[in-house]
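In what follows, a structure is listed as structure tokens, so that the remarks can point back to it.
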Amino acid sequence: MNAKTFKKENIKGVIFLCTECQDLVDPKEITLDQIITKYKHENGPLIPVLQQAQEVYGYLPTHVLQHISKAMRIPLARIYGVVTFYAQFRLTPSGRNVINVCLGTACHVRGGAKVLETIEKELKIKDGATTEDRRFTLEVVACIGACGLAPVISINNEVHGRLLPEHITGILAEYE
Amino acid sequence: MAVLKLTIDGREVSVPQGTTVLEACRMHDISIPTLCHDKELTSGGSCRLCVVQIEGMRNLPPACVTQATQGMMVETQNLKVRAARKTILELLVANHPLDCMTCEKLGDCSLAKYAYEYGVTGEIYQGEKRNAPIDDGNPYILRDPNKCILCGKCIATCNAVTERSVIDYAYRGFNTKVAPFMDTDLKDSNCVYCNRCVAICPVGALVDKSMIGKGRQWEFTKEEVICTFCESGCKFDINSKNGKIIGVTAKSADNGRPLCLKGRIGSDFRYNPNRTEMPFINQDGEFVQIPWEEFLGLGNIVEKINSLAK
Amino acid sequence: MEWFTLTIDGRQVSVLKGTTVLEACRMNDIPIPTLCHDPELTPAGACRLCVVQIEGMRNLPPSCVTQVAQGMVVETQNPKVRSARKTILELLLANHPLDCMTCQKMGNCSLAEYAYEYGATGELYKGEQRDLPVDDGNPFILRDQNKCISCGKCIKACTEIQGKSILDFSFRGFDTQVGPAFNLPYHESACDFCGSCVSVCPVGALVEKKMIGKGRAWEVTKVQTTCPFCGVGCNFDLNVNDGKVIGVTSNPNAPVNGKALCVKGRFGMDMIYSPNRLTTPLIRKDGVLVPASWDEALDLVATKLGEIKKDYGPNSIAALSCAHCTNEENYLMQKFMRAVIGTNNIDHCART
Amino acid sequence: MAENQRILVCAGTGCASSGANKLISALEAEIKLQGLEETVSIVGTGCQGFCEKGPTIVIEKHQVLYTSVTVDDIAEIVASDIIKDERVERLLLIDQVTQKPVAKLSEIRFFAKQKRIVLQNCGIIDPQKIEEYTDRKGYLALQKALKEMSPDEVLEEVKKSGLRGRGGAGFPTGLKWGFCRGAAGDKKYVICNADEGDPGAFMDRSVLEGDPHSVIEGMLIGAYAIGADEGYVYCRAEYPMAIKHLEIAIGQAEEAGYLGKNILGSGFNFNLNVFAGAGAFVCGEETALMASIEGKRGMPRVRPPFPAVKGLWGKPTNINNVETWSNIPHILRNGSEWYAQMGTEKSKGTKIFALTGKVNNTGLVEVPMGTTLREIIFDIGGGVQNGKAFKAVQIGGPSGGCMPEEMLDTSVDYDSLAKAGAMVGSGGLVIMDETTCMVDIARFFLSFTTKESCGKCTPCREGTKRMYEILDRITKGEGKIEDIDTLENLAHAIKETSLCGLGQTAPNPILATIKYFRHEFEAHIIDHKCPAHACSALLSYSIDAEKCKGCGLCAKNCPTTCITGEKKKPYVIKEDDCIKCGTCIDKCKFDAVIRA
């Protein structure tokens, strides 16, 4: 958005406000604009911009994508295509703790599927879903590169290895 | 001849006495969908697709068998009529295979035509579907009983030639099917493959095997020819695609015309694009084309006549 | 210019360097099935239906993106090639609704055409099928994603022909979809309904909504004509069934525009049968509009214009010309205003 | 009292997850407590390779490896090994054959047969310090190239070495460089493919984490030979430590003048960027990877034009993977003849394999090309876990193949493996034992490729899904005998018509398992039995009331709540809730749980 002109736009109920009147602007938005400015003149910056925007917001809300589209002059459909293509991007907020269950080959061979089933039963959610209390989001990933410790899961990037189904309840209890 | 006046869809029309409502409509370009009707055959009134609403009449009478009367008020397209027709089509399509993509009949299929017109998908009444074996045992007719809508036209046209009468209805209710004696394949019946039934079938239940895979109906141009094998004067269509003759198909036979396999195959032979106009003779195991004069031994006939004249 | 000679199905053909195998085949009337290829769009090599066998090459290369080489030996119809194509068709059909009876595209559907040719029924690999909502929210285009074969031509038409980039792929693998951002329906996206996507869709995923139920491809006569809406001079085909115009389709051979059209040209033809349309001039007599003859009407206009010009000067008159006229008619209109009336007060509705 | 010495603590992702960082702090505290800061330094290294026994510590001076170390062991290690020069026997590895503790690193079977070229610094140096790299001859190869050799000479050297791409297909590296060097254009790129997506492979991660400068140096030399002035390392976002170490290394290399303008006064310029991927396996494919850097969906495009001619942003581009780049400095420094001595006739040098699955010694293994699978799995890997019988080894990731016992003497090199219906691929070796069901494994690979298919071309998008569905049916006992033929036909068609490597190789696991394990398919289909007792749909668990003593151990350990009963009375399994994990069978001391 051009900072010089006072501009008020209403896109699908989300209001973007001018960056000159700081008090009206979401601080996240300033960070977002900084990210965009940083990459604007580089070649092909979309993926790092999305990655950093996701770090700021925790996920990629619609209005953020619309903003990126406008600021970087990339068609919205293309951005949506990219966001839905890469596993890393999230269009909905995640739970407080993100469980990544590795189902790489080594983990599969050493019983990763049982670990997943146990977690699914325990939390009553399936791959990709978030518990109602937003405590956990469950995601299946293919290999986090800790194959030597298979089967593994990682919760908030902490790796738990050499798991058996009966370990699960105890591990989950550590996360609030 | 007495002339009757009646009102169809608000339009006043005149027709001769003895006309059915269906005929009256068609005379005046008012379209009525039909599946079991054929003007050459006695109407069975079985498919019920041609139902209309007639003032003073109970229910929805089928137009094909209802005689027009003086002052009759007919509605052919009101909501009630269209809804009834749609239900009939939904029922038919629900028990019909949906392999239109590869169905030989597509482009000339009455069921598909009306389904399209009435927006019928067959999804409403999905349930048990027939799963009868396909009769693929003879070289002429492919018979898929699962596609049959039991309109009975094939039976009627087969029975129109007394010594044929190969097929008829068998079983009853949902299990009704059209079958030869003992429900055998056609090859085990006394069918002579005249293809009357194929020519009249409104759907893909009966298909001319010689045409399979050769093209869709809309790709063909048709030229009507009259068979010269006997004096009956049966008609055939020569089908061409992109200017090339693809095959000969039977046309639905008028009353009194027998239609026969010989006629169709003979015509096929006669109009075959590969047919040569010139004779060949076997010379040392190889066929070589030679002029007619030589073939008939008349090579120097002109010379001979000339020499005689001298 | 360099010519290459290659052998296709045992036949020697010569083509220019830079020609693709597909082009070489089509130039020589050798049929190759394609779904994602369109001469107006950049090639994708995605549908894989045009695969052929080429001596010395690994696997079966797609002919649409394989360039010819000197002495290349190509086979387009051997059993291996045909069986590979059939498998691809079987896979597509296994995930395609079989409502051909009511599908508007039937008769013009490439998938059905090849399915018929190759005898593919979709029975072989039956399994999960997509079940996505049908986008029925706009008056022009009916979009049924379940029929989409992900050929990507609509995306390219939107980007390369129209420059709008409303459409793109989203998700991946078996879940791949094509559509506007966030999978919004067309009318909630920035689409302006030029219908270029419809014109390239090889299946029934995108169809002209107004033509639904009005006739199938084989019943329709196409009449090529020039669009009356503006001065660009786009050509298209009026689709006529039973003597009635049922809609407009692109004519790929149109010299000015190819398959591209704008929303007005493609979908704005319903005025033909509009009950509001005037067929004779009307003159207001005693406050009531009364039908009149053209002579009568034109005489009246000429007299009145003359009077106004005499009493108030030429600049008291202005003309607004209409996009439904031809370029020539609009030229005449401005000529009339400038030369006859004597004013520059002339404008045109397509400018506003 | 010892002179200046180093304690090497493995801090690779594997060991870090089992507490390596706590060990480092504890060691530092203990060293300080003992007043040894002056003479002993603690080094957090990259992966030492022996993940199975992690966290591991090496006392460099004595070449001793301590395994499965915990914080509680630290004081003892310092007290006896560092101060008294006595080994802590209980932390030494027990040799499988002699059943005696092994004191010397070089005597450990896991390491004895390896030949560490690419991994020679991993686990020994601190990857976050450039000095440790330069102390071990780092950047000498770059200096040699820039100062003594022309780009053509470098290219020639790489060609002569016989190095082939370590990313899977095994294309000769020198030849590839030559194409890019020969392509028209003033701007060229080199890319390091660090999108190591094959599940079961982590050698690239380990190299980037443990020795990032070797990759940078390799890329610099390659860029010099090719004529490129910019490079990218495309690394998976799942490898945060690799990205971090790489970024630190790039910063240090820039500072030291190895990166940037006029490098070492040679006039050669080179900039290196790190690009974090966003989670798509297909981005390991060259054209998809470039599309990803360009900010697009990672959908492969058709070739030609090849990347060497038209690559990143339309410019000539050369892509090699981590291990390939990492080989380059060694080749330049030691000469192509030295390199070409190793390996087989057509596959030169060494290859790193990630040994995982049901093998005793999981970890990273670097061996000369041509070593047999048996040597790797049994001599280095120590054979199958828990004394179970070996069934198969899966090699080359989800696109490779599963090789049975009778193929174990196959030598690992590009050509022998291709002939056997597998491929070197990234180098993941997943060992499977008798309890692994091969149909289930094929299904597993297809579920992976189905999820990772980009969706562009028909055969891969639709075909992987259908192959998966058929396999899924078979594992549930709902298969038909003709399914095997259907699978084979479909597999061949997909191989022959797919656009990129993913689709072209996705059917490999199916073809290989049908080829070697057809009987298992038939058992599922005809007898509705899973011979490996792995397909849960074909299993049912119950408790033999006669044998059950009512100890309740099964119910206590059951991860769901499907086992109920009263103490001292026979317990019962409720089938509906049972997830068939098999925990009860393992726990029961009376063999009372029946699996049928």
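Below, chain A is the first sequence line, B the second, and so on; all start at residue 1.
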Between atom CD of D/Glu238 and atom CD of A/Gln88, what is the distance when rounded to the nearest 0.5 Å? 7.5 Å

Do any N or O atoms from the side chain of D/Arg297 and from the backbone of A/Val82 form a donor-acceptor pair under 3.5 angstrom?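 Flag not set: sc D/Arg297 to bb A/Val82 has no pair under 3.5 Å.
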
Looking at D/Pro559, is its backbone amide N or carbonyl O close enough to the side chain of A/Lys121 to form a donor-acceptor pair, meaning the two atoms are under 3.5 Å apart? no

Please flag which part of [X] lies under 4.5 Å from any non-hydrogen atom of chain A: side chain, backbone, both or neither.
X        : result
D/Phe281 : neither
D/Lys587 : side chain
D/Asp440 : both
D/Phe445 : side chain
D/Glu196 : neither
D/Ile431 : backbone

[options]: which one forms the most heavy-atom pairs within less than 4.5 Å of chain A?
options                                : value
D/Lys358, D/Met432, D/Met299           : D/Lys358
D/Cys558, D/Ala276, D/Gly363, D/Gly455 : D/Ala276
D/Gly277, D/Gly12, D/Gly428, D/Ser447  : D/Gly277
D/Val282, D/Thr583, D/Thr436           : D/Thr583
D/Cys51, D/Gly357, D/Ala354, D/Gly14   : D/Gly357

Are [X] and [Y] side-chain neighbours, meaning at least one heavy-atom pair lies under 4.5 Å?
X        : Y        : value
D/Ser292 : A/Phe85  : no
A/Arg110 : D/Thr362 : yes
A/Val109 : D/Ile441 : yes

Taking all heavy atoms of D/Gly298 and all of A/Tyr86, pick out the closest pair and write down the distance.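 In this case the closest contact between D/Gly298 and A/Tyr86 is N-OH, 3.1 Å.
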
Shortest non-hydrogen contact from D/Ala278 to A/Ile47?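 Shortest heavy-atom contact: CB-CG2, 4.1 Å.
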
Residue selection (most heavy-atom pairs with chain D, distance under 4.5 Å) from A/Glu122, A/Glu158, A/Arg78: A/Arg78

Could you check which of A/Leu50, A/Asn100, A/Val115, A/Leu103 has the highest count of heavy-atom pairs closer than 4.5 Å to chain D?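 If we count pairs closer than 4.5 Å to chain D, A/Leu103 comes out on top.
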
Would you say that more than 12 heavy atoms from the other residues, nucleotides or ligands in this model lie under 6.0 Å from the NZ of A/Lys114, or not? yes

Is the number of heavy atoms from other residues, nucleotides or ligands within 6.0 Å of NZ (D/Lys574) greater than 12? no

Please classify the contact between A/Gln51 and chain D as side chain, backbone, both or neither, with a heavy-atom cut-off of under 4.5 Å. side chain

Applying a heavy-atom distance below 4.5 Å, give me the residues of residues 167-176 of chain A that approach chain D, sorted by number. none

Heavy atom to heavy atom, less than 4.5 Å: which residues from residues 198-208 of chain D reach chain A? D/Asp198, D/Pro199, D/Gly200, D/Ala201, D/Phe202, D/Arg205

